[in-house]
Amino acid sequence: IQSGASKILGKTVVKSILKLPDNIIAVGTADSGVIFINTSGELAEQLDASNGLENENIYFLYLDNQNNLWMGHDNGFSKSEFPFLIKYYGEEHGLNEIVITMLEEGDYIYAGTLNGLFFKNRDESSQYTEFPNTREIWDIKAIGNNIIAASSFGIHFIQNNKIIKTIDVSARFINPTVNNNILLVGISSGLGKLKREFGRWNWGGEIDGIDHEVRFIKEENDSTFWLSYEKISKVTFSRNLQDVLETMTCGEEQGVHGDFYQVELVNLDGRVRFATQNGFLIYDTESDRIVRDSLLNHSFWPFERETFAP
């Protein structure tokens, strides 16, 4: 990356990256808002306090199906009617929290924060309402007629904006699969399953062979998944995902020495990449090793990063 983009990236921490239409990449930073980079690595635009962004510490980016760009930050989150008209949702809407994740579903917007789960109607004047007894919300998914939220203190199942069930598991991430009756769940101690039986979701237990916290899951194909946080693992299931065929946690034999600060996963061009504090890595099938990703490192390195999202 050259010119204005490299100057900004060289002085900040990257917290989120999102590919947008028209070959634009949005980069959320710790103190410079969101910068937009074209495929040549040039700075196309920047959203920060000078043009209406409420807070410049951007934890995550999300593009909805109407091309609205949502930006989670210290004071709530903001929405840009892509590319550059910003609307802010925060204290005046009843939300003055660090937003970790969000979901738009039907007529409602859900916000997951460190202090709880909130929802509001899409109506601009409506206020956020907090779900009772929720904390540290890491992920929110819409699955069938349920909103499912993963938190440090349980997996919450929500219907009609009421929590109808909580499973006592410290969860981090919910991943749909090709089997509509199975969800993979990243948990504080490894990987687990949710199974739908007779129309109800139940805990299917923890999967043996994964002994580290899992915050990120990305499928290599319908039956093989990469898992990560401070370590990188791979799990291979039978075709219907009922049985585990193989698990592997990458170590020295695979070119991994020690633990990472944080590894996030992204699938680009059909291959899973690993974003680490030391650059981008990729699994090389011929050598059966984790190696540096020369393509991404050439474009985005060196700069300090925290996240890379699809």
Side-chain angles (χ1 to χ4, degrees), residues 13 15-16 28 30 55 57-62 70-78 89-91 93-105 108-120 127-143 146-159 161-176 183-194 201 203 205-207 210-218 227-231 259-265 275 306-309:
V13 174
K15 290 196 166 183
S16 54
N55 186 281
N57 186 13
I58 307 299
Y59 287 92
F60 80 94
L61 299 167
Y62 169 75
W70 297 80
M71 299 157 279
H73 48 64
D74 283 341
N75 299 337
F77 58 88
S78 299
Y89 298 86
E91 188 172 4
H93 295 90
L95 184 69
N96 188 22
E97 306 283 349
I98 296 176
V99 177
I100 303 299
T101 185
M102 67 157 292
L103 172 72
E104 278 192 298
E105 180 65 17
Y108 295 93
I109 303 169
Y110 299 86
T113 78
L114 291 178
N115 290 323
L117 179 62
F118 298 78
F119 75 97
K120 74 179 289 294
Q127 294 287 302
Y128 270 96
T129 300
E130 183 176 3
F131 287 95
N133 302 316
T134 58
R135 286 183 293 164
E136 294 185 14
I137 307 297
W138 301 107
D139 190 27
I140 313 170
K141 292 289 195 308
I143 307 293
N146 287 282
I147 302 297
I148 306 179
S151 83
S152 297
F153 301 93
I155 303 172
H156 306 294
F157 293 81
I158 298 162
Q159 291 183 4
N161 290 326
K162 293 184 178 180
I163 296 177
I164 61 170
K165 179 179 181 178
T166 297
I167 295 176
D168 187 17
V169 175
S170 183
R172 301 294 187 268
F173 190 83
I174 299 165
N175 195 86
L183 300 174
L184 297 181
V185 182
I187 59 178
S188 60
S189 57
L191 182 69
K193 278 185 183 181
L194 285 170
W201 289 103
W203 183 240
E206 193 167 342
I207 292 170
I210 307 297
D211 61 355
H212 61 89
E213 181 174 355
V214 173
R215 292 197 180 186
F216 311 103
I217 304 173
K218 189 64 64 176
L227 323 168
S228 73
Y229 180 48
E230 294 178 337
K231 296 182 179 181
D259 292 348
F260 297 95
Y261 162 66
Q262 177 171 297
V263 183
E264 298 203 25
L265 307 176
E306 287 191 3
T307 247
F308 191 89

Nearest-0.5 Å distance, [atom1] of residue [X] to [atom2] of residue [Y]:
X    : Y    : atom1 : atom2 : result
L95  : K120 : CG    : NZ    : 10.0 Å
K218 : E264 : NZ    : CD    : 10.0 Å
Y62  : M71  : OH    : CE    : 14.0 Å
I187 : S170 : CD1   : OG    : 8.0 Å
E136 : T113 : CD    : OG1   : 9.5 Å
L194 : L183 : CG    : CG    : 5.5 Å

Give the minimum heavy-atom separation between [X] and [Y], together with the two atoms involved.
X    : Y    : value
H212 : K231 : CE1-O, 3.7 Å
I137 : I100 : O-CB, 3.7 Å
P176 : I143 : CG-CD1, 3.9 Å
R172 : S151 : NH1-O, 4.5 Å
N57  : H73  : O-CB, 3.1 Å
G186 : I217 : N-CD1, 3.7 Å

Test item: [X] side-chain N/O and [Y] main-chain N/O as donor-acceptor pair under 3.5 Å:
X    : Y    : value
T134 : L117 : yes
Q127 : G94  : yes
N146 : I148 : no
K162 : F131 : no
T166 : G154 : no
D139 : A150 : no

*asked:* I need the single residue from Y59, F60, F77 that forms a ring pair (Phe, Tyr, Trp, His ring centres under 6.0 Å) with W70. Which is it?
replied: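 Of the listed options, the one satisfying the test is F77.
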*May I ask you to check whether over 12 heavy atoms, not counting those of N161, lie within 6.0 Å of atom CG?*
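Yes, enclosed.
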*Decide whether E213 and S189 meet the rule of one side-chain donor and one side-chain acceptor closer than 3.5 Å.*
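On atom types as modelled, these side chains do not qualify, holding no pair under 3.5 Å.
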*asked:* Side chains of S152 and W138: any donor to acceptor distance under 3.5 Å?
replied: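 Short answer, yes.
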*Cation-pi geometry met for K141 and F173 (6.0 Å, 45°)*: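 Output yes; distance and angle both within limits.
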*Assign the ring pair F118 / Y128 to parallel, tilted or perpendicular, where the plane angle (0 to 90°) is split at 30° and 60°.*
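F118 vs Y128 ring planes: perpendicular.
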*Going through the checks in order, is the side chain to side chain contact (heavy atoms under 4.5 Å, CB included) test met by V185 and I155?*
CA-CA 10 Å; V185 182; I155 303 172; 4.0 Å; yes
*asked:* What verdict does the side chain to side chain contact (heavy atoms under 4.5 Å, CB included) test give for I58 and K15, after you've listed the backbone C-alpha separation in whole Å, the side-chain angles of each residue and the deciding distance to 0.1 Å?
replied: CA-CA 7 Å; I58 307 299; K15 290 196 166 183; 5.7 Å; no
*Step by step, would you call K193 with I207 a side chain to side chain contact (heavy atoms under 4.5 Å, CB included)?*
CA-CA 8 Å; K193 278 185 183 181; I207 292 170; 4.1 Å; yes
*side chain to side chain contact (heavy atoms under 4.5 Å, CB included) evaluation trace for Y110 with M102*: CA-CA 5 Å; Y110 299 86; M102 67 157 292; over 6 Å; no
